[in-house]
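FYI, the numbering just counts along the sequence from 1. Read the numbers this way: they start at 1 and go in the same order the structure lists the ligands and their atoms.
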Amino acid sequence: MTHRTSQAPSDNALWWRSAVTYQIYLRSFADASGDGLGDIAGIRKRLGHLAGLGVDAVWLNPWYPSPQADGGYDVADYRSIEPTFGTLREAELLIEEAHAIGLKVLLDIVPNHTSDEHPWFREALAARPGSPERNRYVFRPGRGDDGQLPPNDWWATFGGSAWERVTEADGAPGEWYLHLFDVKQPDLNWENPEVRQEFRDILRFWFDRGADGFRIDVAHGLSKDLALPDLGEERSKVMGVPDRPDHPHWDRPEVHEIFREWRKVAQEYTPEKIFVAEAWVYSPDRLQPYLRSDELHTAFDFDFLRTQWDAQALRTCVETSLSLLDEVGAPVLWVLSNHDVPRHVTRLGRTSIDPQDPLRRTTGPVDLELGRRRARALLMFELTLPGGVYLYQGEELGLEEIDDLPEEALQDPTWRRSGFTVRGRDGCRVPVPWSSAGPSLGFSDADPWLPMPAHWRELAVDRQETDPASMLWLYRNALRLRKEIPALGAGDGALPHWHDLGREVLAYSREPGFTCVVNTGRDPVRVPDGQPVLTSVPLAEGEPLPGNAAIWLLH
Ligand code: GLC
């Protein structure tokens with residue numbers, strides 16, 4: 001067959017329906033200033049890596065001034081840049097330079113809470129109970145004779161009560177404020193029109209500076225039942241994800257009105273700006289309303305991320321997500337890793353499976369060779385599915401979760417708030433190894449903010465560059481082919497056509513003329529007819545496909 005170079009997604013207004021977006025966790029990407037923390041200048045130096053990889057867009061984690069109590073998700077000023085990351089001018093230049101090489105730029109908006117060092121929260125503390133300043137947040141008197149007990153039993157995602165008591169201006173113990181995350185992240189009151197107006201203006205501020213869209217942090221959390229009902233002993237400690245559809249502070253119906261307002265702001269621009277929701281919902285059908293045509297454009301498919309290495313489970317997840325989102329005309333965004341979950345090489349390599357722990361946070365035996373082999377095959381599956389894909393920095397190098405960071409290095413607030421029992425998310429945030437030489441493997445001239453394992457020398461970009469069998473080259477080749485093969489990309493409304501090659505095999509075709517086969521089992525399987533264009537393991541023509549491997553075929 002002849003290859004037609006399909007239109008690059010970035011050339012059209014619907015680019016977001018099929019784009020491959022690379023998540024840059026700024027703190028750990030590249031440090032140019034030499035303070036051990038990544039920065040904007042570091043990204044600008046490494047844009048060539050992204051162009052060479054072949055992605056269409058980048059998403060940058062928060063870069064705003066912040067005390068960094070939660071890696072920048074505690075924002076003190078939404079219209080400026082954290083000085084350790086750079087300046088507003090550098091941010092604008094980065095956006096320009098990314099655009100010049102065809103990359104869209106998505107920023108990260110944090111609307112559920114501000115930092116406790118945000119001027120609004122300072123004003124709220126200085127003001128009286130019942131004042132307009134307090135009404136931007138969720139302040140309430142405590143329970144008990146002296147108000148000494150929190151207003152209800154909600155728990156914070158990082159551990160402990162979701163309420164903190166303040167001291168009033170006269171020095172007396174006073175009201176409590178809600179924080180669904182860290183104590184330094186007070187929740188905003190989204191029923192307050194002033195809050196809504198402020199965030200619409202913040203969106204415009206960055207859209208006017210060239211940002212192509214936003215990832216929305218905790219999109220499922222903005223609206224709360226302000227009657228503040230207790231959850232009960234058991235439910236209150238299920239953290240981060242709703243345990244039922246009717247939850248008083250996750251995935252409330254009122255949240256949709258906010259996003260309808262945001263969509264209108266996006267539509268003030270040509271081409272329209274776009275949103276991607278971080279929404280952890282109870283079941284896949286709960287994602288659908290966020291993606292109605294007058295709400296958000298896209299949302300991460302966290303069910304795909306949580307699905308085990310099992311052909312039937314993966315197929316069910318893919319079919320469910322595609323058909324649910326197709327009903328509202330939205331593309332699915334496939335994602336395997338991000339800065340909040342253990343890296344998928346490690347998840348796929350864990351040899352003991354606890355169904356209660358789909359993210360495999362618990363440590364246990366890991367076979368990294370197996371994890372990497374499966375990760376190669378799973379990438380080849382992911383990149384052929386209809387819709388868009390999000391990649392997390394370092395996955396193109398096959399980086400694994402670092403489970404054994406020294407305790408004194410841990411920075412995730414989860415560690416402290418869990419009473420030093422839950423290590424948290426630092427293990428997936430260890431900086432990127434760029435070169436096999438030097439003390440911090442090309443990430444920085446100083447000690448990196450989290451220690452990097454010496455064995456990552458073998459995984460450094462410069463090492464993998466020269467090895468055609470490396471993970472890096474698999475990503476490059478697969479991303480190039482994804483653009484070249486007409487059947488791949490958005491494929492709106494087209495469900496894959498599945499073939500039955502056994503319970504442990506995922507095999508499907510997309511028109512015109514493309515088949516992907518993934519063998520999740522151990523026994524080799526016969527490869528269907530067709531011209532092989534990519535394999536996850538070396539494979540001679542006519543040889544059966546071994547276990548934990550994938551192949552792409554044209555016919
Ligand atoms: C989101 C972010 C996470 C952060 C939390 C609170 O889940 O991805 O990193 O800690 O929101 O803002």
Side-chain angles (χ1 to χ4, degrees), residues 21 23-29 38 59-76 78 82 106-118 121 137-138 154-160 162 164 178-188 190 199 202 214-224 238-242 249-251 255 275-281 287 290 299-302 305-306 333 335-343 359 361 390-393 401 410-418 422-430 449-450:
T21 304
Q23 178 189 352
I24 296 183
Y25 191 71
L26 185 56
R27 297 159 58 88
S28 302
F29 189 67
W59 150 38
L60 299 155
N61 288 97
W63 57 6
Y64 319 103
S66 160
Q68 304 287 322
D70 179 23
Y73 283 95
D74 47 320
V75 180
Y78 289 83
E82 164 65 32
L106 306 182
L107 306 180
D108 203 326
I109 185 107
V110 189
N112 183 65
H113 42 261
T114 68
S115 162
D116 65 338
E117 298 182 31
H118 189 284
F121 194 71
Y137 295 88
V138 184
W154 295 358
W155 265 50
T157 305
F158 301 147
E164 183 75 7
L178 178 69
H179 61 88
L180 291 179
F181 292 88
D182 192 63
V183 62
K184 286 182 68 62
Q185 294 167 299
D187 278 56
L188 287 161
W190 274 88
F199 274 85
I202 294 165
F214 276 99
R215 177 255 189 193
I216 306 172
D217 189 58
V218 202
H220 59 304
L222 271 48
S223 296
K224 283 102 189 167
V238 179
M239 291 191 270
V241 186
H249 65 68
W250 298 132
D251 190 22
V255 83
F275 295 111
V276 47
E278 183 214 21
W280 292 88
V281 288
L287 208 52
Y290 290 83
F300 300 114
D301 190 316
F302 291 132
L305 182 152
R306 284 180 287 197
L333 291 189
V335 58
L336 290 171
S337 278
N338 63 35
H339 64 293
D340 290 327
V341 300
R343 283 188 176 273
L359 291 178
R361 288 194 188 278
Y390 271 66
L391 307 175
Y392 176 47
Q393 73 181 33
E401 181 78 3
L410 296 179
Q411 304 212 6
D412 185 345
T414 308
W415 176 237
R416 186 177 27 82
R417 288 196 59 89
S418 68
V422 182
R423 294 174 69 90
R425 303 159 294 175
D426 291 313
C428 63
R429 300 174 176 180
V430 175
W449 70 281
L450 285 173

* Cationic N near anionic O, under 4.0 Å, Asp187 to Lys224 -> yes
* **Cationic N near anionic O, under 4.0 Å, Arg417 to Asp412** => no
* **Interfacing atoms of ligand 1 (cut-off 4.0 Å, heavy-atom, Arg215)** => 2 (C), 8 (O)
* By number and element, which atoms of ligand 1 are closer than 4.0 Å to a non-hydrogen atom of His339? -> 2 (C), 3 (C), 8 (O), 9 (O)
* Numbering as shown, the atoms of ligand 1 that approach Arg429 to under 4.0 Å (heavy-atom distance) -> 9 (O)
* Which residue supplies the protein heavy atom nearest to atom 12 (O) of ligand 1, what is that atom called, and how far is it? -> Asp217 OD2, 2.8 Å
* **Protein contact of atom 8 (O) of ligand 1 - nearest heavy atom, named by residue and atom, plus distance** => Asp340 OD2, 2.4 Å
* Go through Arg27 and Gln68 one step at a time and tell me if the side-chain hydrogen bond (donor to acceptor under 3.5 Å, both in side chains) criterion holds. => CA-CA 10 Å; Arg27 297 159 58 88; Gln68 304 287 322; 2.4 Å; yes
* Structure fact -> ligand 1 to Glu278, heavy atom cutoff 4.0 Å, flagged ligand atoms 1 (C), 7 (O), 8 (O)
* Any idea which atoms of ligand 1 are less than 4.0 Å away from a heavy-atom of His113? -> 6 (C), 12 (O)
* Charged N to carboxylate O under 4.0 angstrom, Asp74 versus Lys184? -> no
* **Proximal atoms of ligand 1 relative to Arg425 (non-hydrogen, under 4.0 Å)** => 3 (C), 4 (C), 9 (O), 10 (O)
* To do: Quick one: look up the protein heavy atom nearest atom 4 (C) of ligand 1 and list residue, atom name and how far away it is.
  => Asp70 OD2, 3.3 Å
* Asked: If only atom types and distance count, is the side chain of Tyr137 paired as donor or acceptor with the main-chain N or O of Phe121 below 3.5 Å?
  -> yes
* Under 3.5 Å, is there a donor-acceptor pair between the side chain of Gln185 and the main chain of His113? -> no
* Asked: Between Tyr64 and Asp108, do the side chains contain an N or O donor and an N or O acceptor separated by less than 3.5 Å?
  -> no
* Asked: Going by the atom numbers of ligand 1, which of them fall below 4.0 Å from some non-hydrogen atom of Phe158?
  -> 10 (O)
